[in-house]
Number of protein chains: 2
Amino acid sequence: MSHRIITISREFGSGGRTIGRETAVKLGLPCYDAELIEKLEEATGLSREYIAERGEYASYGSWLSSAFSDRDCSGHSVQDDLWCVQRQVILELAGNGPCVIVGRCADYILRGKAECLNIFIYSDMAKRAKRIVEQYGVRDNSPEKRLRDRDKRRAAYYHFYTGVKWGVVQNYHAALNSGALGMATCAEMIARLYDKKFCES
Amino acid sequence: MSHRIITISREFGSGGRTIGRETAVKLGLPCYDAELIEKLEEATGLSREYIAERGEYASYGSWLSSAFSDRDCSGHSVQDDLWCVQRQVILELAGNGPCVIVGRCADYILRGKAECLNIFIYSDMAKRAKRIVEQYGVRDNSPEKRLRDRDKRRAAYYHFYTGVKWGVVQNYHAALNSGALGMATCAEMIARLYDKKFCES
């Protein structure tokens, strides 16, 4: 496999998904995010909600206790099965041709298996809070608490399955502040980096 | 003061200084790094070596003990004086017109005082080690040990004078991996971000 893949990791509410889609449009590539969930739904028979929630986030409550609570006698959980299928689907998609993959530990899964441009998208708390309220509405918990919770669970999930700390800048080619730069600028920069890395050398 | 300034913070050996210079050439701006040392030499009468070493790095040994050991009865040290003059010189340079400033806590000093594009340059340990051996030669300590030591002292210095943790990506507009992207690409990206942020809006 030697296809050129852009992976986008992102803080919750930073607009990474939108930036991934915009980048893909600019480069004429497919972007896998919702499509990935569809493929996983098809492959596992699990519900879209379960996949969206458990394919990227550690469970609510104590991650370690819940990670083990639904394990069978072999120590294997439904979430572990989902991880294995997710890994397989990501490898297949990356094998099909150049694309953009948002989230789901694709940066780690494709390490050494495809030519990747790994990007991390982040933003300040105030802009992310505003964005998730606009997008998902008001909830019981404050948007700041929801953001902290989501980031924490995403980091725990990533670390549990990869052994690597999530969001450490040294693991990416570049990290872009979507709140300060704007989403369109981020997409333009990523597309430019893709051209520089893969098309001009 | 409303000039548009690029500040470049960098891991030791990541080529941040070279990238700063290349960016400045691309944009036709002055770049302050060695020039800043000259100005500080003139203003303080301190040696070039002292300024280079103590204007960005915590002292060898225990930072806290040495930070206090050369203090007079008012608790003020030579390094504190250097910090004050350095801060003043950076504010003056930023007041003179658009420029690139490498290191020396300029991102923090200019916060709220100029329109800044704050960039963090980093790279993997192996590439940085190769670079410092090419640039500064072989020493008694391994290049990896020298890098860890320099980064640690730079972080300690930054935190001591600003109260802010150094190298936390959320404090920058963008972070670029010079080892993975190449220094020319980093300079091009920064110049493009400058144009997008300041010249196209």
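Per chain, numbering begins at 1; letters A, B, ... match sequence-line order.
- Remark: B:Glu35 engages no residue in a salt bridge (charged side-chain N to carboxylate O under 4.0 Å, His left out) (not counting sequence neighbours).
- Counting only heavy atoms from C-beta outward, the side chains of B:Arg192 and A:Arg192 never approach each other to under 4.5 Å.
- By the 6.0 Å contact criterion, CZ on B:Arg111 is enclosed, its count of non-hydrogen atoms from other residues, nucleotides or ligands being greater than 12.
- Chain B is approached within less than 4.5 Å, heavy atom to heavy atom, by A:Gln170, A:Tyr172, A:His173, A:Ala174, A:Ala175, A:Leu176, A:Asn177, A:Ala180, A:Leu181 from residues 170-183 of chain A, ordered by number.
- For A:Gln135, the CD atom counts as densely surrounded, since its 6.0 Å shell holds more than 12 non-hydrogen atoms of other residues, nucleotides or ligands.
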